[in-house]
Amino acid sequence: MSTEYAVSASNNFLKTIIDEDLKSGKQSSVVTRFPPEPNGYLHIGHAKSICINFGLATEFGGRCHLRFDDTNPAKEEQEYIDSIKESVRWLGFDWGEHLYYASDNFEQLYQWAVCLVTEGKAYVEDLNAEQIRAYRGTLTEPGVESPFRNRPVEENLNLFQRMRDGEFPDGSRVLRARIDMASPNISLRDPVLYRILHTPHPHVGNAWKIYPMYDFAHGQTDAIEGITHSICTLEFESHRPLYEWFLDNLPVPSRPRQYEFARLNLTYTVMSKRKLQELVLNGLVSGWDDPRLPTLEGLRRRGYTPTSIRNFCEQIGVGRSDSWIDVSVLEESVRADLNDSAPRAMAVLRPIKLVIENFPDGQAEELQAANHPQKPEMGSRTIHFSREIWIEADDFMEVPSKGFHRLTVSGEVKLRSGYIVTCRRVIKDELGNILELRCDYDPASREGIHTADGRKVKGVIHWVSAAHSITAEVRLFDRLFSDPNPDRSGADYKQFLNQNSVEVLTECKLEASLTCADSETRYQFERMGYFRQDPKDSKPGSLVFNRVVTLRDVWVKK
RNA sequence: AGGGGUAUAGCCAAACGGUAAGGCAACGGACUCUGACUCCGUCAUCUCUUGGUUCAAAUCCAGGUACCCCUGCCA
């Protein structure tokens, strides 16, 4: 399987639209944008949007902007701006010179609001939030016009200027568009354009006392940046008429179009910012970068590669119907990438001692082990074979179950890249716990898996020389939730938290070559899965590895 | 209930009036010094449903049904 980015050139409705726009000459180039609000960390759902926007730009030879949709300083912080930029870069995308902030357009937006006021298309509202809500009507009943709706233009101009000047307290007035209080589309019932907020802004500081709402900022900002295809998620679909109303009524420099796609839903996790934040704040996870979280920082810390996430986004496609992607698709994606690129190593996670009685004490033999079974160009490394080695406890069964083909009493097994050993006896303590296995090895069995009498050995297991191993901590992560859809309505998602979503093993025995493991390198610990050092907690001398994902295992399924 | 959307295999998803792509999963087999990888094969007489138009319908028309979104001074 190839790990190249372009997994398939499958079509989707956005590509079709862009293709037609380009061919018909409606657009001469493609300009998209990824427009996060800097009020939290990015997650895998954002990755889908990032891949769509940057991907489309790349595919059609256009460009993609990174734009912070920073119109609500009450929720936004510089920390999030920094994290978002880092995550987008990590994913492998480059916005070049095109980094923008909606807030850089505040003055222009203000002037356009004045235009609307001047033309009688916007007015200053004195009703409070509760009253506005009551006047708005319901889904089935039309709204009622505000008593301030027909305020004279001059008065509106005066009041709006004074709102800007900071003369009024938060919440005392808003600027509203004058559209249609009876519209069946509620977002057209005189939507709020500006609110008063005496709050400093992370990007423009204390310059403003009033801030535009999303609807009044997004489309115009798209127009200013020359965005041709403004791609957002489905819940903004009913805002599209409003998006277009502003473009129709303001002297904007270009005419962007909004298109919507279905957001990503992943099983066994939660994706809403609110819930993610709740998990972090309540200490239910270790932080925004907890390796069990679907945040990009979490996936990154766990060991997911940017390539695997991009491939995942390509695989799941883009559509307009609500869909649920099983996490196993994400897991399979990182397996595919890592299988290709990860050097192999041996690590025994739950060690049990095996003593080779016919190997001299105090000696060691150097063996060569391939770093990748299908890629000789990745070379090999030296491992040591000696009298005492560690093997995985699971790889020995005193009473083998049917189909088990690893080590059993008086059975034989091949030590990967080493020799065939035969188990002679089991030494236990008085409680019956296995202390060690006593074995013999066949010095002639270095190559292949055939015994001296020509039989083929059934099993191959990983191992590590006791005297040449290092002890390390390994963290095994599982799904954060035990239910495929913890988010389903009517239940508290927290009740579905998987109590065993992390298992910490502190007595793992790793081959010595891992002593100087590079912190970015993902390894395949043979037969156990893919691992990488935890970037925060792993230190020279006390290594900590995270399991990115297990290997596929058809045996345990049976 | 008003408005806006969506229904194609277990999960995604293509198709644009010409006879149901592809991926993942699953299943069967081969290969293998990782029960991994890889390889081969199987997997929708059928597109939510009921009618209609047509030589021909997943695609067009009419009526149902199910689910999602919208009543923040959030985005």
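When reading the values below, keep in mind they use all heavy atoms of this one structure, side chains included, and skip hydrogens, waters and symmetry mates. Chain letters run A, B, ... following the sequence lines, proteins first, then strands; residues in each count from 1.
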Which residues pass the side chain to side chain donor-acceptor pair (under 3.5 Å) test with [X], sequence neighbours left out?
X        : answer
A:Asp180 : none
A:Ser308 : A:Thr305
A:Arg257 : none

What contact category does [X] fall into here, base, sugar-phosphate, or nothing, at under 4.0 angstrom with non-hydrogen atoms?
X        : value
A:Thr140 : base
A:Glu141 : nothing
A:His218 : nothing

Ionic contact status for A:Glu260 with A:Arg240, cut-off 4.0 Å: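 Salt bridge: yes.
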field: A:Arg67 and A:Glu225 ion-paired at < 4.0 Å
entry: yes
query: Syn or anti for B:G72, taking syn as within 90° of 0?
result: syn
Please list, pair by pair, any protein nitrogen or oxygen found under 3.5 Å from a nitrogen or oxygen in nucleotides 18-20 of chain B.
none

query: When rounded to the nearest Å, what value does the distance between P atoms of B:C31 and B:C39 take?
result: 16 Å
message: Between A:Phe385 and A:Trp463 (judged by ring centroids, cut-off 6.0 Å), do the two rings come close enough to count as a pair?
response: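 Close enough - the centres of the two rings lie under 6.0 Å apart.
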field: Parallel, tilted or perpendicular: rings of A:Tyr493 and A:Phe481 (30°, 60°)
entry: tilted
Closest to side chain of [X], choosing from [options]:
X        : options             : answer
A:Pro373 : B:U34, B:C37, B:A75 : B:U34
A:Phe404 : B:G4, B:U34, B:G35  : B:G35
A:Asn339 : B:C37, B:C12, B:G35 : B:C37

- prompt: Do A:Glu332 and B:C24 share a donor-acceptor pair, side chain to base, under 3.5 Å?
  reply: no
RNA chain B base-pair string [pairs: Watson-Crick or G-U under 3.5 Å; |: paired with another strand]: .((((((..(((.....[...))).(((((.......))))).....(((((..]....))))))))))).....
message: Checking A:Phe396 now: which residues fulfil ring pair (Phe, Tyr, Trp, His ring centres under 6.0 Å) with it, not counting sequence neighbours?
response: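 Listed in chain order: nothing, the list is empty.
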task: Please state whether the phosphate of B:G5, meaning OP1 or OP2, lies under 4.0 angstrom from any side-chain nitrogen or oxygen of A:Arg320.
output: no
Side chain to side chain contact (heavy atoms under 4.5 Å, CB included) between A:Ile196 and A:Ser172, intermediate numbers included: CA-CA 8 Å; A:Ile196 301 170; A:Ser172 59; 3.6 Å; yes
Heteroatom pairs (N/O) under 3.5 angstrom, protein to nucleotides 69-71 of chain B:
unit_1 : atom_1 : unit_2   : atom_2 : d
B:U71  : O2'    : A:Arg136 : NE     : 3.4

field: RNA chain B contacts among residues 70-77 of chain A, heavy-atom distance under 4.0 Å
entry: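 Hits under 4.0 Å, by residue number: A:Thr71, A:Asn72, A:Lys75.
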- request: For the pair A:Arg310 and A:Glu314, evaluate salt bridge (charged side-chain N to carboxylate O under 4.0 Å, His left out) and give the outcome as yes or no after the intermediate values.
  value: CA-CA 6 Å; A:Arg310 279 190 253 111; A:Glu314 179 68 31; over 6 Å; no
Stacking check A:Trp555 vs B:G35 (5.5 Å / 30 deg): yes
task: Assess the side chains of A:Asp442 and A:Thr451: does a donor N or O sit below 3.5 Å from an acceptor N or O?
output: no
- prompt: Is there a donor-acceptor contact under 3.5 Å linking the side chains of A:Ser103 and A:Asp70?
  reply: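 Side chains of A:Ser103 and A:Asp70: pair found under 3.5 Å.
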- prompt: Can you list every pair that meets salt bridge (Lys or Arg N to Asp or Glu O under 4.0 Å) and has a residue in residues 135-145 of chain A, with sequence neighbours left out?
  reply: A:Glu145-A:Arg149
query: For A:Val460, what residues pass the side-chain contact (heavy atoms from CB on, under 4.5 Å) criterion, not counting sequence neighbours?
result: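 A:Val460 satisfies side-chain contact (heavy atoms from CB on, under 4.5 Å) with A:Lys414, A:Arg416, A:Ile449 once adjacent residues are dropped.
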Between the protein and nucleotides 14-17 of chain B, which nitrogen or oxygen pairs come in under 3.5 angstrom?
unit_1 : atom_1 : unit_2  : atom_2 : d
B:A15  : OP1    : A:Asn11 : ND2    : 2.9

message: Going by the rule salt bridge (Lys or Arg N to Asp or Glu O under 4.0 Å), which residues pair with A:Lys402 if we only count those two or more places apart in sequence or in a different chain?
response: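 None.
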query: Which sits closer to the 5' end of RNA chain B, A:Arg416 or A:Asp322, going by the nucleotide each is nearest to?
result: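 Nearest-nucleotide comparison on RNA chain B picks A:Arg416.
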- prompt: Taking everything shown except A:Gln368 itself, do over 12 heavy atoms lie less than 6.0 Å from its CD?
  reply: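 Yes.
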